[in-house]
Structure formats: C-alpha cells, structure tokens
Amino acid sequence: APYRRKERRVVATRDIKAGDVVFSNLPLSWATLPTWASDVCDHCHVQAHRELARCSACKSVRYCSKECQRKAWASYHRSECKALPILGRHNLPDDAEMSSRMCIRALVMNAGTDDYRPTRADFLSLPAHFAHLEKEIQDRVLVLAEIVYESCNGRFPRSDISELLMRFNCNNFSIWNGLLTAYGAGVFPVGALLNHSCEPSCVL
C-alpha cells in the first residue's frame, strides 16, 4: 500500500469527520489580492464591512484597527513600507504583485514574536522544482526577482529573492473566506509538507 512506503506523510490514527480542522499553522508571509485590498485587513485578514484605515506612508495596505496596524509595523511593515509604492509603479498583474509582496514580507519579517512562526530557512528547505518549470515561467520568476530587488533598493541579494520566488509556484496556498473565495495567498512551510499527495483526501 502507498502509505507503507518510506516517505514523508501524515496518517490519521482516529476517525475524522468531514469539516474537522486537523492542522493549523502560521504563515511565514502572506499578501492580499489587490482587488480585495480595500475590504480585508492586511494583518489579521478580517473582512471588514466598513472603510479600513490605510497606511499614510505607503498607501498600499489597510488595517481594521490601530492594534493590527501597530503589530504589523513592529513585525514587518516598518521594513516593507518604502518598497511597496516602488513595486506598485510596475503595474504588475494581480498574482505577480501578490507574489512580490509575499517575497518582500518574507525577507523582512521579524521572527521575534510570542507566537511560533516559521522561518525563512523552513521554507527554503522545501523543493523548488525550478528545473521542471516551463521556460516561460522560469523567465517570469527571474524578471519578478529583479523587480523585487529594485523595489527593495538592493537591500537583499538577488539569489535570496530568487530562491523564495522559485518555491512559491509549488508551495504556496490560497487564503479563502467563508464562501471559499480566494482573497489572498500565504507561505505556509509546514502546511506545504503535506501538500504533495497524488491522491489527496483533504483540503489545505
């Protein structure tokens, strides 16, 4: 049987009901789709039914509360704030802009928080499968890496940026609301370990 092979896997030891949550972990990085930016808090992802407060400096992200804005500033936004307007000038397609934002956030994320959060090393331990991608996708990744490098004013090596972007294609997850509509994406290294079954039996 496939489950007896010596490969990384998770096996249930009890019956699990449909709809049960069996696994949860924090993201290394995440981003909201630009088309949802005015409706979703960029930090906690609450979908607000009122106008969200926009960062007065970059005007690129919105928050549902002062608390979320404070936490975001302390953890990552202080370091990404200047990069986001530069990135926005490139008028990238939604998925490319979202990947670029996730990359910048993964590069600047401050891991010194009370909650356990995966590290960049956790994510880089995952396979990239870059050599197996179509040439068009490979070229797109390299172009995007150059845009992120420029947006960050050369603060991070091109190789670090490329290594992250290469893994996004096969390891990231969509972030859904209650109606199963994708409004963002996230880098969940631990979840990605479970996302390669040829016969999936769950939704991640």
Side-chain angles (χ1 to χ4, degrees), residues 25-37 40 42-43 45 55 57-62 72-73 75-113 117-175 182-196 204:
N25 87 286
L26 293 171
L28 165 66
S29 179
W30 64 93
T32 305
L33 271 168
T35 50
W36 281 81
V40 176
D42 195 65
H43 184 71
H45 283 182
C55 173
C58 69
K59 297 180 172 57
S60 300
V61 294
R62 292 172 171 82
W73 186 260
S75 296
Y76 53 88
H77 191 59
R78 180 199 303 268
S79 299
E80 71 177 9
C81 191
K82 291 182 179 179
L84 297 184
I86 301 172
L87 178 66
R89 293 176 200 149
H90 290 276
N91 295 314
L92 296 170
D94 280 2
D95 60 339
E97 180 173 341
M98 191 165 58
S99 291
S100 300
R101 287 191 176 202
M102 281 191 291
C103 184
I104 293 171
R105 192 163 290 178
L107 289 164
V108 306
M109 176 64 71
N110 175 12
T113 61
R117 192 174 295 281
T119 65
R120 204 187 319 167
D122 292 330
F123 187 59
L124 293 176
S125 70
L126 299 172
H129 300 302
F130 189 69
H132 302 290
L133 297 177
E134 296 177 5
K135 180 66 164 52
E136 180 183 350
I137 298 177
Q138 290 181 354
D139 291 343
R140 196 182 308 157
V141 167
L142 296 177
V143 169
L144 210 56
E146 191 62 31
I147 290 174
V148 172
Y149 178 81
E150 175 196 323
S151 299
C152 294
N153 290 319
R155 277 189 293 162
F156 306 101
R158 288 182 174 88
S159 57
D160 287 6
I161 296 169
S162 297
E163 287 293 329
L164 286 170
L165 290 172
M166 285 175 190
R167 286 163 173 77
F168 283 179
N169 191 63
C170 57
N171 290 295
N172 285 0
F173 292 89
S174 295
I175 300 175
Y183 63 83
V187 180
F188 296 85
V190 182
L193 296 174
L194 316 179
N195 196 33
H196 297 279
L204 290 174

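Scope of the values below: all heavy atoms of this structure, side chains included, with no hydrogens, waters or symmetry mates. We count residues from 1, following the sequence as given. Since we're looking at a predicted model, the values are computed, not measured.
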ask   = Any donor and acceptor pair, going by atom type alone, linking the side chain of Q138 with main-chain N or O of F130 inside 3.5 Å?
value = yes

key: Heavy-atom side-chain proximity of P27 to M102 below 4.5 angstrom   = no

query = What is the distance from atom NZ of K59 to atom SG of C81, rounded to the nearest 0.5 Å?
reply = 9.5 Å

Minimal non-hydrogen separation, D42 against Y76, with atom names = O-OH, 4.0 Å

query = So, T119 versus D122: side-chain donor-acceptor pair below 3.5 Å or not?
reply = yes

request  = Please name the pair of heavy atoms, one in R101 and one in S60, separated by the smallest distance, quoted to 0.1 Å.
outcome  = NH1-O, 3.2 Å

inquiry  = Can you classify the ring geometry of W36 versus Y183 as parallel (below 30°), tilted (30 to 60°) or perpendicular (above 60°)?
reply    = tilted

task = Apply side chain to side chain donor-acceptor pair (under 3.5 Å) to E80 and list each qualifying residue two or more places apart in sequence or on a separate chain.
result = H77, R105

query = Does the side-chain contact (heavy atoms from CB on, under 4.5 Å) test come out yes or no for V187 and N171, once each step is laid out?
reply = CA-CA 7 Å; V187 180; N171 290 295; over 6 Å; no

key: Considering all heavy atoms, the nearest I104-A83 contact   = CD1-CB, 4.2 Å

ask   = Measuring from C170:SG to L126:CG, what's the distance to the nearest 0.5 Å?
value = 8.0 Å

request  = Taking side chain to side chain donor-acceptor pair (under 3.5 Å) as the test, write out the residues that go with H90, two or more places apart.
outcome  = E150

key: Pairwise distance CZ(R89) to CD1(I147) - rounded to 0.5 angstrom   = 13.0 Å

request  = Considering non-hydrogen atoms only, spot the tightest contact between A192 and F173 and give its length.
outcome  = N-CE1, 3.6 Å

message = I need the L164 CG to L144 CG distance, nearest 0.5 Å.
response = 11.5 Å

note = Taking every heavy atom of P118 against every heavy atom of L28, the minimum-distance pair comes out as O-CD1, 3.4 Å

request  = Flag the pair V40 / H45 as yes when at least one side-chain heavy-atom distance between them is below 4.5 Å, and no otherwise.
outcome  = yes

ask   = Would you say T32 and V61 make side-chain contact, with heavy atoms under 4.5 Å?
value = no

key: Any M166 side-chain heavy atom under 4.5 Å of L133 side chain   = no

query = Nearest 0.5 Å, what's the OG-CG distance between S29 and L107?
reply = 8.5 Å

request  = Answer yes or no: is there a side-chain heavy-atom contact under 4.5 Å between S151 and S100?
outcome  = no

request  = Return the set of residues passing salt bridge (Lys or Arg N to Asp or Glu O under 4.0 Å) with R140 (not counting sequence neighbours), or none when no residue passes.
outcome  = E136

task = State which residues pass ring-ring contact (aromatic ring centres under 6.0 Å, His included) with F168; sequence neighbours excluded, sorted by chain then number.
result = F123

query = NZ of K82 to SG of C58: how many Å apart, nearest 0.5 Å?
reply = 12.0 Å

key: side-chain contact (heavy atoms from CB on, under 4.5 Å) partners of A145, counting only residues at least two apart   = I161, S162, L165

key: Side chain R167, main chain L124, donor-acceptor under 3.5 Å   = yes

ask   = Residues in salt bridge (Lys or Arg N to Asp or Glu O under 4.0 Å) with D95, at least two apart?
value = none

